[in-house]
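Single-structure report; data block below.
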Amino acid sequence: IPVCPMLDARKNQVYCALYKTSADGMPEVILGERVVEVADMLAEITGETIFIGDGAMRYRDIIVTALPGKARFTAPHYDLIRATSVGILGLRRYEKGGADAADTLKPVYLRPSEAI
């Protein structure tokens, strides 16, 4: 079952993506990272999907209405962002021979900052 993490981006939008689990247990991108209106993301999802994150909690009613019988949710404590999850994925990748040089890492901004 695909997993759709949704983080509340305010302004009735979410930061989200859609992943499936590959044979080796690592996430594989189905729909890449984006910031969108919830309805726009849901329009691209057709099958049973697990939703996680504070955006999934906030927009649960909209998700359930858009995907009747297909939306699944985890226990609330899984909706919290945890650095350990990123660390575990990084360790798995490293053990399989994957790594990035520290000087090549760059942040990904999905929406421009509004800070003054």
Side-chain angles (χ1 to χ4, degrees):
I1 298 175
V3 175
C4 182
M6 289 186 159
L7 303 178
D8 187 9
R10 310 280 183 215
K11 301 180 181 186
N12 296 313
Q13 295 181 326
V14 289
Y15 298 106
C16 59
L18 188 65
Y19 301 93
K20 66 179 179 179
T21 304
S22 65
D24 65 358
M26 296 296 286
E28 192 173 298
V29 176
I30 298 173
L31 296 172
E33 301 165 333
R34 58 192 71 193
V35 59
V36 294
E37 302 271 334
V38 176
D40 293 341
M41 181 62 173
L42 296 174
E44 296 188 59
I45 298 174
T46 57
E48 189 174 357
T49 303
I50 299 170
F51 293 89
I52 61 171
D54 64 351
M57 289 189 309
R58 180 172 184 179
Y59 297 105
R60 183 181 183 122
D61 292 342
I62 294 170
I63 295 167
V64 169
T65 300
L67 296 168
K70 296 179 183 177
R72 304 286 179 257
F73 298 87
T74 61
H77 64 274
Y78 289 114
D79 290 320
L80 304 173
I81 297 172
R82 300 181 197 281
T84 54
S85 299
V86 176
I88 290 167
L89 290 172
L91 178 60
R92 284 185 186 168
R93 183 168 176 243
Y94 177 76
E95 289 172 343
K96 294 176 192 281
D100 293 305
D103 61 344
T104 65
L105 299 176
K106 294 185 170 123
V108 176
Y109 296 100
L110 300 176
R111 180 167 69 190
S113 172
E114 294 180 16
I116 311 177

Residues pairing under salt bridge (charged side-chain N to carboxylate O under 4.0 Å, His left out) where one sits in residues 50-68, two or more places apart or in two chains, turn out to be D8-R58
Would you say I81 ends up clustered with V86 if hydrophobic residues are merged whenever their side chains have heavy atoms under 4.5 Å apart, either directly or through other cluster members?
no
K106 meets the side-chain hydrogen bond (donor to acceptor under 3.5 Å, both in side chains) criterion, sequence neighbours left out, with none
Applied to residues 29-41, the salt bridge (charged side-chain N to carboxylate O under 4.0 Å, His left out) test, sequence neighbours excluded, yields R34-E44
One should read off an interatomic distance between L110 CG and L7 CG, to the nearest 0.5 angstrom, of 10.0 Å
**Report entry** Transitive ILVMFWY side-chain link I62 to M57, under 4.5 Å
**Finding:** no
Do I30 and V38 belong together in a cluster built from hydrophobic side chains that touch within less than 4.5 Å?
yes
Rounded to the nearest 0.5 Å, the CG atom of L18 sits from the CD atom of E28 at a distance of 11.5 Å
Requested in this report: For atom CG of L89, decide whether the heavy atoms of other residues, nucleotides or ligands shown that lie under 6.0 angstrom number more than 12.
Outcome: yes
Residues pairing under salt bridge (charged side-chain N to carboxylate O under 4.0 Å, His left out) where one sits in residues 86-101, two or more places apart or in two chains, turn out to be D24-K96, R93-D100
In short, C4 meets T49 closest at the heavy-atom pair CB-CG2, 3.9 Å
In short, side chain to side chain donor-acceptor pair (under 3.5 Å) pairs touching residues 64-89 with sequence neighbours left out are E48-R72
By ring-ring contact (aromatic ring centres under 6.0 Å, His included), F73 pairs with (sequence neighbours left out) F51
| message | Side-chain heavy atoms nearer than 4.5 Å, only ILVMFWY residues, links allowed to pass through others: does that put I52 and I1 together? | response | yes
Open item on the list: Are L67 and Y59 linked, directly or through intermediate hydrophobic residues, by side-chain heavy-atom contacts shorter than 4.5 Å (ILVMFWY only)?
Closed with: yes
Rounding to 0.5 Å, atoms CD1 (I63) and CE (M41) come to a distance of 10.0 Å
